[in-house]
There are 2 protein chains.
Amino acid sequence: MISPAEKRAPISRIEKLCIDKGMKMTGQRRVIARVLSESSDHPDVEELHARATAEDPRISLSTVYRTVRLFEEAEILDRHDFGGGRARYESVLHGHHHHLIDVDTGDVMEFEDERHEQIAREIAERYGFDLVCHRLELFGRKRGSRT
Amino acid sequence: MISPAEKRAPISRIEKLCIDKGMKMTGQRRVIARVLSESSDHPDVEELHARATAEDPRISLSTVYRTVRLFEEAEILDRHDFGGGRARYESVLHGHHHHLIDVDTGDVMEFEDERHEQIAREIAERYGFDLVCHRLELFGRKRGSRT
DNA sequence: GTAAATGCAAATTATTTGCAATTAG
DNA sequence: CTAATTGCAAATAATTTGCATTTAC
């Protein structure tokens, strides 16, 4: 039932990036790359490990930590701190955007805003800086929620 | 040489806030409040402890941790994460503003921008949220720096 | 074949907490 | 006087690392 073909998972978008950068693609790295490519949320390391081991149980937490760090340094992943003590990750392939965090539920919504981009560039310039990156995070409460 | 008068330090701005909120003002809490009132940068707990013990050596690190937490919950302090693994604090008395971080040196500059405030409110509204707070951080490199 | 990657357990780092002793109000 | 606060040392929680073993290229 298990044909050899099933072992060759298709190359994920992030795996492609890794190959282009000349990284050594181990089985675990390939799975983590796939999990990240398929995630449209902002998982933390614990969650990534859970998703990865669901596909292949022989992936250790250390490897997930090492891999997200590697990917972050290779500019494949963005790391975020939304509070709660754990770093959360998303692929840079999801593009440049910002976050609106529901302070009651922890839900994260994404948005873009061109006016904001313009203002950010302008402020950096005013101080004599080239903008490397920036983040805008809004923390809000659903209108009508008591408390 | 040491007159009794020297023991009565003037009441700092933050100590005043604490008293208004009915907090029990211990010696260590008073010193930490003063150090924070006099800081115009964004010290972490380690640094606050160093500044506090310089004024009075019998202040433990635990107490500094407990006090910044207390002050944060009382909305006397804002906590920031500028990367580097440690939380950094500043008095809310410094007003609402945002940060431009020099990625090479770690220096932090502050700025305000009314247009940005307006956009933030508007975006939250678009999603049906009341804005609780928000943060805008620009990471930049001094123009002309090689690398 | 060889340098790089992995798993595991132990180490680190930032922060929190239990508890007996101290202190503000 | 009494409840809140402190110091200290031990506990947590997230993340990193040393080292023997495995693996991609």
Side-chain angles (χ1 to χ4, degrees), chain A residues 7-9 11 14-16 18-36 42-50 52-53 55-74 76-77 79-89 106, chain B residues 7-9 11 14-16 18-35 42-50 52-53 55-74 76-77 79-89:
Chain A
K7 304 211 155 191
R8 260 187 280 113
I11 292 176
I14 289 178
E15 182 176 353
K16 176 70 168 58
C18 294
I19 293 170
D20 291 348
K21 290 171 191 276
M23 289 178 184
K24 190 165 166 178
M25 293 312 290
T26 62
Q28 19 290 73
R29 211 169 262 182
R30 190 170 296 119
V31 169
I32 295 169
R34 178 145 28 86
V35 164
L36 284 165
H42 308 80
D44 59 27
V45 168
E46 211 74 55
E47 176 62 25
L48 285 173
H49 183 235
T53 48
E55 299 207 24
D56 181 340
R58 57 185 150 178
I59 296 178
S60 74
L61 191 55
S62 308
T63 294
V64 181
Y65 270 110
R66 278 190 272 237
T67 304
V68 291
R69 187 194 243 229
L70 176 76
F71 286 3
E72 196 201 345
E73 284 165 1
I76 288 172
L77 284 186
R79 171 166 48 185
H80 301 291
D81 162 53
F82 294 144
R86 299 142 104 111
R88 297 171 63 176
Y89 297 87
Chain B
K7 302 209 155 191
R8 261 188 278 110
I11 292 176
I14 290 179
E15 182 176 354
K16 177 71 169 55
C18 294
I19 292 169
D20 291 348
K21 290 171 191 273
M23 289 179 186
K24 190 166 166 179
M25 293 311 290
T26 62
Q28 19 292 70
R29 212 168 261 183
R30 190 171 296 118
V31 169
I32 295 169
R34 178 144 27 87
V35 164
H42 309 80
D44 59 27
V45 168
E46 211 72 56
E47 175 62 24
L48 284 172
H49 183 235
T53 48
E55 298 206 26
D56 181 340
R58 56 184 151 179
I59 296 177
S60 74
L61 190 55
S62 308
T63 294
V64 180
Y65 270 109
R66 279 190 270 235
T67 305
V68 291
R69 188 194 242 227
L70 176 76
F71 286 3
E72 197 201 343
E73 284 164 0
I76 288 172
L77 284 187
R79 170 167 49 186
H80 300 292
D81 161 53
F82 294 145
R86 299 142 103 110
R88 297 171 63 175
Y89 298 87

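Here is the naming used below: chain letters follow the sequence lines, and residue numbers restart at 1 for every chain.
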(request) Nearest 0.5 Å please: distance from the OG1 atom of A:Thr53 over to the CZ atom of A:Arg58. (result)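 Answer rounded to 0.5 Å: 13.0 Å.
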(message) Can you tell me how far apart CZ (A:Arg86) and CG (A:Asp81) are? Round to the nearest 0.5 Å.
(response)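 With rounding to 0.5 Å, CZ (A:Arg86) is 12.5 Å from CG (A:Asp81).
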Between atom [atom1] in [X] and atom [atom2] in [N], what is the gap in whole Å?
{"X": "B:Gln28", "N": "C:dT23", "atom1": "CD", "atom2": "P", "value": "8 Å"}
{"X": "B:Ile19", "N": "C:dG25", "atom1": "CD1", "atom2": "P", "value": "8 Å"}
{"X": "A:Tyr65", "N": "C:dT12", "atom1": "OH", "atom2": "P", "value": "18 Å"}
{"X": "A:Leu61", "N": "C:dT6", "atom1": "CG", "atom2": "P", "value": "13 Å"}
{"X": "B:Arg69", "N": "D:dT5", "atom1": "CZ", "atom2": "C1'", "value": "15 Å"}

(request) Indicate, yes or no, whether a donor-acceptor pair under 3.5 Å links the base of C:dA5 to the side chain of A:Lys24. (result)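 Flag unset: no donor-acceptor pair detected.
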(message) Under a 3.5 Å distance rule, please check whether A:Arg88 uses its side chain to pair with a backbone N or O of A:His80 as donor and acceptor.
(response)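 No; zero donor-acceptor contacts below 3.5 Å.
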(message) Tell me whether A:Arg79 contacts the main-chain N or O of A:Ala87 through its side chain, where contact means a donor paired with an acceptor under 3.5 Å.
(response)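 Answer holds: no.
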Give every pair of a protein N or O atom and an N or O atom of nucleotides 8-12 of chain D that lie under 3.5 Å apart, one pair per line with the distance.
residue	atom	partner	partner atom	Å
D:dA9	N6	B:Ser62	OG	3.4

(message) Are the side chains of A:Val35 and A:Glu55 in contact, using a 4.5 Å heavy-atom criterion?
(response)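 SC-SC contact between A:Glu55 and A:Val35 confirmed.
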(request) Could you tell me whether the side chain of A:Arg30 reaches within less than 4.5 Å of the side chain of A:Asp56, counting heavy atoms only? (result)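 Sidechains of A:Arg30 and A:Asp56: no contact.
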(message) By nearest atom, which of the nucleotides C:dA5, C:dA24, D:dG7 is closest to the B:Thr63 side chain?
(response)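 Per side-chain heavy atoms of B:Thr63, the pick is D:dG7.
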(request) Give the nucleotide from the list D:dA4, D:dA24, D:dT15 with an atom nearest to the side chain of A:Val45. (result)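 Selected nucleotide: D:dT15.
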(message) What contact category does B:Glu46 fall into here, base, sugar-phosphate, or nothing, at under 4.0 angstrom with non-hydrogen atoms?
(response)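 Nothing: the residue B:Glu46, judged by heavy atoms under 4.0 Å, touches no strand.
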